[in-house]
Peer 1: 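Pasting a structure below so you can have a look.
None of these values were measured; they are calculated from a predicted model. Values reported hereafter were calculated over all heavy atoms of this structure, with side chains retained and with hydrogens, waters and symmetry mates removed.
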Amino acid sequence: MTRRGNVQERHLVLERIETDTRQGSPTMDSRIPIWNGDYDVRCHQIKLPLNHLFLRLGNARTTDTQIAFTSSSHDFHHPLTGDLITPPGPGTFDEHKQFEQETQNMQAVLLCIEADRRREDGNTLFETLRQEGWRPKEVPIITREGVLINGNSRVAAIEAMLNAGEEIDGINSANPQIEVRVVPNVGAGEADIQTLE
């Protein structure tokens with residue numbers, strides 16, 4: 001099971017975000033809690049296709065699972081479809097492979113495992129999406145390169161459900177897009193991302 005279609009090329013995502021966040025179109029009328037040491041920071045909120053969003057490899061929910069996944073000799077089954085997933089080879093989750101399709105596909109599998117866990121309300125993320133549709137209480141935040149800081153599991157779950165032929169209220173299955181908040185500048189990199197996460 002892969003991400004929904006191929007993720008867009010990195011330079012095209014950068015160009016799209018740059019175009020959509022230029023001063024004046026649209027205005028910076030959204031906010032994020034903290035960025036670059038400042039609190040309640042203004043930012044753009046734009047709509048992007050799912051294939052313009054990169055799942056974050058440094059996601060705290062999957063870093064341990066990445067190690068277990070790559071060092072295992074067992075086959076895994078996708079939690080939503082039951083498809084057989086062969087564990088990736090060493091180096092798949094290396095930071096420099098963040099934008100590669102195979103790495104994104106493998107990260108999506110790990111995030112779907114996370115999405116299949118019971119949450120505080122007793123439902124899995126898949127069940128919540130089936131029952132409530134896409135009603136984000138918190139709009140996902142992305143870097144200037146299109147890497148999701150939060151909302152990784154939600155995006156992976158949406159894509160997996162669409163790939164399996166499921167409809168999700170609030171998502172156009174023919175052209176799936178979501179609203180995201182874009183950090184206002186590159187910032188201090190991983191330190192800022194971890195603080196915000």
Side-chain angles (χ1 to χ4, degrees), residues 1-4 7 32-35 48 50-72 74 76-83 85-132 134-143 145-164 168 171 176 178-183 187-197:
M1 167 96 25
T2 62
R3 291 206 48 195
R4 186 168 175 83
V7 290
I32 56 177
I34 185 170
W35 188 252
L48 286 176
L50 296 182
N51 71 349
H52 281 59
L53 302 173
F54 297 100
L55 304 172
R56 182 167 170 258
L57 297 186
N59 185 303
R61 294 182 183 198
T62 61
T63 49
D64 289 341
T65 314
Q66 288 171 358
I67 295 166
F69 197 36
T70 53
S71 61
S72 175
H74 299 289
F76 289 82
H77 292 274
H78 195 283
L80 182 66
T81 64
D83 291 349
I85 306 293
T86 304
T92 298
F93 296 108
D94 288 352
E95 185 180 327
H96 69 277
K97 295 189 176 183
Q98 169 73 65
F99 302 97
E100 293 182 13
Q101 185 71 45
E102 180 187 357
T103 296
Q104 286 289 306
N105 290 344
M106 291 294 108
Q107 182 68 355
V109 170
L110 299 186
L111 289 163
C112 283
I113 291 169
E114 179 65 30
D116 198 42
R117 292 196 171 112
R118 299 263 167 225
R119 305 204 170 212
E120 294 161 3
D121 63 3
N123 290 330
T124 69
L125 185 51
F126 293 119
E127 291 166 342
T128 299
L129 286 167
R130 285 185 192 111
Q131 294 166 9
E132 301 175 12
W134 175 245
R135 305 276 183 272
K137 297 176 182 118
E138 189 178 307
V139 175
I141 302 168
I142 64 169
T143 68
E145 294 182 304
V147 177
L148 283 155
I149 294 172
N150 67 342
N152 285 269
S153 295
R154 290 177 282 170
V155 168
I158 289 168
E159 289 187 332
M161 291 171 70
L162 293 175
N163 282 344
I168 303 168
I171 297 288
I178 60 170
E179 294 275 340
V180 291
R181 292 176 286 171
V182 184
V183 298
E190 191 62 23
D192 274 344
I193 290 170
Q194 287 183 8
T195 301
L196 184 55
E197 185 183 39

Peer 1: Parallel, tilted or perpendicular: which describes the rings of Phe93 and Phe69, with under 30° parallel and over 60° perpendicular?
Peer 2: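 Geometry flag for Phe69 against Phe93: tilted rings.
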Peer 1: Could you check if a side-chain atom of Thr70 sits within less than 4.5 angstrom of a side-chain atom of Pro90, using non-hydrogen atoms only?
Peer 2: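 Contact flag for Thr70/Pro90 side chains = no.
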Peer 1: Can you name the side chain to side chain contact (heavy atoms under 4.5 Å, CB included) partners of Thr195, sequence neighbours left out?
Peer 2: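 Expected list: Ile34.
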Peer 1: For the pair Arg118 (side chain) and Gly122 (backbone), establish whether a donor and an acceptor sit closer than 3.5 Å, ignoring hydrogens and angles.
Peer 2: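 Answer holds: yes.
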Peer 1: Would you check if the side chain of Arg4 reaches a backbone N or O of Ile158 as a donor-acceptor pair within less than 3.5 Å?
Peer 2: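 Between the backbone of Ile158 and the side chain of Arg4 there is no qualifying donor-acceptor contact (under 3.5 Å).
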Peer 1: Which atoms form the tightest heavy-atom contact between His78 and Ala160, and what is the distance?
Peer 2: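 Looking at all heavy atoms of both residues, the shortest contact is CE1-CB, 4.0 Å.
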Peer 1: Nearest 0.5 angstrom please: Leu53 CG to Ile178 CD1, how far?
Peer 2: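 Reported value, rounded in 0.5 Å steps: 5.5 Å.
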Peer 1: Is there a side-chain contact between Val183 and Ile149, using heavy atoms and a 4.5 Å cut-off?
Peer 2: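 With C-beta onward as the side chain, the pair touches.
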Peer 1: Apply side chain to side chain donor-acceptor pair (under 3.5 Å) to Glu120 and list each qualifying residue two or more places apart in sequence or on a separate chain.
Peer 2: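 Side chain to side chain donor-acceptor pair (under 3.5 Å) list for Glu120, sorted by chain: empty.
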Peer 1: Verify, without hydrogens or angle tests, whether Ser72 (side chain) and Ala68 (backbone) share a donor-acceptor contact under 3.5 angstrom.
Peer 2: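 Not a single qualifying donor-acceptor pair exists.
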Peer 1: Kindly indicate, with the supporting measurements, whether the criterion side-chain hydrogen bond (donor to acceptor under 3.5 Å, both in side chains) is fulfilled by Gln101 and Asn105.
Peer 2: CA-CA 6 Å; Gln101 185 71 45; Asn105 290 344; 3.0 Å; yes
Peer 1: So, taking the atom named CD in Glu159 and the one named CD1 in Ile168, what distance separates them when rounded to the nearest 0.5 Å?
Peer 2: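 It comes to 9.5 Å.
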Peer 1: Take a 6.0 Å sphere around CD of Gln131 and say whether it holds more than 12 heavy atoms from other residues, nucleotides or ligands.
Peer 2: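 Yes.
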Peer 1: List the residues meeting side chain to side chain contact (heavy atoms under 4.5 Å, CB included) with Thr65, not counting sequence neighbours, and say none if there are none.
Peer 2: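 So Thr65 forms a side chain to side chain contact (heavy atoms under 4.5 Å, CB included) with Leu110.
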Peer 1: Just verifying a value: how many Å separate Gln107 CD and Cys112 SG, rounded to the nearest 0.5 Å?
Peer 2: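 With rounding to 0.5 Å, CD (Gln107) is 10.5 Å from SG (Cys112).
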Peer 1: Going by the rule side chain to side chain donor-acceptor pair (under 3.5 Å), which residues pair with Asp94 if we only count those two or more places apart in sequence or in a different chain?
Peer 2: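 By the side chain to side chain donor-acceptor pair (under 3.5 Å) rule, Asp94 matches no residue at all.
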Peer 1: In plain terms, say whether Arg117 and Glu114 are close enough for a salt bridge, that is, a side-chain N and a carboxylate O under 4.0 Å apart.
Peer 2: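 Salt bridge present between Arg117 and Glu114.
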Peer 1: Under 3.5 Å, is there a donor-acceptor pair between the side chain of Gln98 and the main chain of Leu55?
Peer 2: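 Yes.
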Peer 1: Between Thr103 (side chain) and Thr92 (backbone), is there a donor-acceptor pair under 3.5 Å?
Peer 2: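 Checked: pair present.
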Peer 1: Checking Arg181 side chain against Val139 main chain: does a donor-acceptor pair fall under 3.5 Å?
Peer 2: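 Judged by distance alone, yes, a pair lies under 3.5 Å.
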Peer 1: Before you tell me yes or no, could you show the steps for Phe54 and Ile142 under side chain to side chain contact (heavy atoms under 4.5 Å, CB included), namely the whole-Å CA-CA distance, both residues' side-chain angles and the distance that decides it to 0.1 Å?
Peer 2: CA-CA 9 Å; Phe54 297 100; Ile142 64 169; over 6 Å; no
Peer 1: Name all residues meeting the side chain to side chain donor-acceptor pair (under 3.5 Å) criterion together with Glu190; count only those two or more places apart in sequence or in a different chain, and write none if there are none.
Peer 2: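 So Glu190 forms a side chain to side chain donor-acceptor pair (under 3.5 Å) with Arg56, Gln194.
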Peer 1: Nearest 0.5 Å, please: how far is CG in Leu57 from CD in Glu95?
Peer 2: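 Rounded to the nearest 0.5 Å, the CD-CG separation comes to 8.0 Å.
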Peer 1: Run through Thr124, Leu111, Leu125, Leu80 and flag the one making a side chain to side chain contact (heavy atoms under 4.5 Å, CB included) with Asp116.
Peer 2: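 Of Thr124, Leu111, Leu125, Leu80, side chain to side chain contact (heavy atoms under 4.5 Å, CB included) with Asp116 is met by Thr124 alone.
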Peer 1: With sequence neighbours left out, write down each residue that passes side chain to side chain donor-acceptor pair (under 3.5 Å) with Glu138, or none if nothing qualifies.
Peer 2: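 Side chain to side chain donor-acceptor pair (under 3.5 Å) list for Glu138, sorted by chain: Asn150.
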Peer 1: Tell me whether Arg130 at atom CZ has more than 12 heavy atoms from other residues, nucleotides or ligands lying less than 6.0 Å away.
Peer 2: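 Correct, the count exceeds 12.
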Peer 1: Could you tell me if the side chain of Thr128 sits less than 4.5 Å from the side chain of Arg119, heavy atoms only?
Peer 2: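 Side-chain contact under 4.5 Å: no.
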